[in-house]
J.: 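So that we are looking at the same thing, I have put the structure below in C-alpha cells.
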Amino acid sequence: QIHLVESGGASVQAGGSLRVSCEGSRNRYRYSEYSVGWFRQAPGKEREGAAAIGCDGSTTYAEAAKGRFTISKDNSRKIVFLEMNDLESADTAMYYCAAYRPLVCRATMSQAEFRYWGQGTQVTISA
C-alpha cells in the first residue's frame, strides 16, 4: 500500500510560478518502478490530467500544460514535483497526484491506470 501526500498548493497571482510536490510513503517498495501523474479538478469540472512521468522517466503533458509545466521525479526521495510557470486563472483547481506500477514503463494520464491517489492540494490563481 502506498500513501501519497501532496503539498505546495497556494494562492498565486496570474503570471506567477508554483511548485507542488507529491511525496510517497516511506514503507518498503521500489518507488522507481512506479509511474506518477498529476491531475487536477476545477470546480464544476471533471478531473483531468495535467502531466505524468513514467518509471522510465518519459513524460507527457496536457496541451494546456505544455511549455508551462514540468514534471520531475526523485526516486531516492520518493517525491514527484510539478513546476508550474506562467500560471493562468484556468489553472485554478485541486491538484492530485496518483501512482501505479505498470508492467511496461510509460507516461500516461489515463486515470483508470492509477491505483493510488493523494488527497489533493489547492492551487488558486488570481487575476
J.: So which residues get pulled into Ile79's cluster when ILVMFWY side chains under 4.5 Å apart are joined, directly or through others?
T.: Phe81
J.: What residues form a side-chain contact (heavy atoms from CB on, under 4.5 Å) with Ser126, not counting sequence neighbours?
T.: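 Testing Ser126 for side-chain contact (heavy atoms from CB on, under 4.5 Å), a comparison that skips the adjacent residues, returns Gln13.
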J.: Can Gln1 and Tyr116 be said to form a side chain to side chain contact (heavy atoms under 4.5 Å, CB included), step by step?
T.: CA-CA 8 Å; Gln1 184 75 11; Tyr116 304 102; 4.0 Å; yes
J.: Set out, in order, the CA-CA distance, both residues' side-chain angles and the distance that settles side chain to side chain contact (heavy atoms under 4.5 Å, CB included) for Val20 and Glu6, then state yes or no.
T.: CA-CA 7 Å; Val20 290; Glu6 301 94 335; over 6 Å; no
J.: Given the rule in the side chain to side chain contact (heavy atoms under 4.5 Å, CB included) test, do Val123 and Met84 qualify, once you have shown the distances and angles that lead to the verdict?
T.: CA-CA 10 Å; Val123 173; Met84 301 181 287; 4.1 Å; yes
J.: Quick one: closest heavy-atom pair of Ser35 and Arg106, and the distance?
T.: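 Shortest heavy-atom separation between Ser35 and Arg106 comes out as OG-O, 3.3 Å.
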J.: Do Ser25 and Ile2 come close enough that some side-chain heavy atom pair is under 4.5 Å?
T.: yes
J.: Among all residues two or more places apart in sequence or in another chain, which pass the ring-ring contact (aromatic ring centres under 6.0 Å, His included) test with Phe69?
T.: none
J.: Could you list the residues that satisfy salt bridge (charged side-chain N to carboxylate O under 4.0 Å, His left out) with Arg101, not counting sequence neighbours?
T.: Glu33
J.: Return all side-chain donor-acceptor pairs below 3.5 angstrom for residues 86-93, not counting sequence neighbours, or 'none' if the list is empty.
T.:
unit_1: Asp91; atom_1: OD1; unit_2: Arg40; atom_2: NH1; d: 2.8
unit_1: Asp91; atom_1: OD1; unit_2: Arg68; atom_2: NH2; d: 3.0
unit_1: Asp91; atom_1: OD2; unit_2: Arg68; atom_2: NH1; d: 2.8
unit_1: Asp91; atom_1: OD2; unit_2: Arg68; atom_2: NH2; d: 3.4
unit_1: Asp91; atom_1: OD2; unit_2: Glu88; atom_2: N; d: 2.8
unit_1: Thr92; atom_1: OG1; unit_2: Ser89; atom_2: O; d: 3.1
unit_1: Thr92; atom_1: OG1; unit_2: Ile125; atom_2: N; d: 2.9
unit_1: Thr92; atom_1: OG1; unit_2: Ile125; atom_2: O; d: 3.4

J.: Against the six-membered ring of Tyr29, is Lys78 placed for a cation-pi contact (under 6.0 Å from the centre, within 45° of the normal)?
T.: yes
J.: Under the disulfide bond (SG atoms under 2.5 Å apart) definition, can you give me all pairs with a residue in residues 85-127, not counting sequence neighbours?
T.: Cys22-Cys97, Cys55-Cys105
J.: Taking only residues two or more places apart in sequence, or in another chain, which ones meet Phe39 in a ring-ring contact (aromatic ring centres under 6.0 Å, His included)?
T.: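 By the ring-ring contact (aromatic ring centres under 6.0 Å, His included) rule, Phe39 matches Phe114, Trp117.
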J.: Go through the structure and list residues passing side-chain contact (heavy atoms from CB on, under 4.5 Å) with Met94, not counting sequence neighbours.
T.: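 Counting only residues at least two positions away or on another chain, Met94 forms a side-chain contact (heavy atoms from CB on, under 4.5 Å) with Tyr96, Gln122.
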J.: Nearest heavy-atom pair of Ala62 and Gly49: which atoms, and what distance?
T.: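 Looking at all heavy atoms of both residues, the shortest contact is CB-O, 3.4 Å.
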J.: With sequence neighbours left out, write down each residue that passes side chain to side chain donor-acceptor pair (under 3.5 Å) with Arg47, or none if nothing qualifies.
T.: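 Once residues adjacent in sequence are excluded, the partners of Arg47 under the side chain to side chain donor-acceptor pair (under 3.5 Å) criterion are Gln111.
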J.: With sequence neighbours left out, write down each residue that passes side-chain contact (heavy atoms from CB on, under 4.5 Å) with Glu63, or none if nothing qualifies.
T.: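 For Glu63, the residues satisfying side-chain contact (heavy atoms from CB on, under 4.5 Å) (neighbours in sequence not counted) are Lys66.
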J.: For Ser110, what residues pass the side-chain contact (heavy atoms from CB on, under 4.5 Å) criterion, not counting sequence neighbours?
T.: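 Testing Ser110 for side-chain contact (heavy atoms from CB on, under 4.5 Å), a comparison that skips the adjacent residues, returns Thr108, Ala112, Glu113.
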J.: Roughly how far apart are Leu18 CG and Thr121 OG1, rounded to 0.5 Å?
T.: 8.0 Å
J.: Could you report the tightest heavy-atom contact between Tyr31 and Val36, atom names first, then the distance?
T.: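 Nearest heavy atoms, Tyr31 then Val36: OH-CG2, 3.9 Å.
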J.: Can any side-chain N or O of Tyr61 pair as donor or acceptor with the backbone N or O of Ile71 at less than 3.5 Å?
T.: yes
J.: Could you tell me which residues satisfy salt bridge (charged side-chain N to carboxylate O under 4.0 Å, His left out) with Glu23, sequence neighbours excluded, listed by chain and number?
T.: Arg26
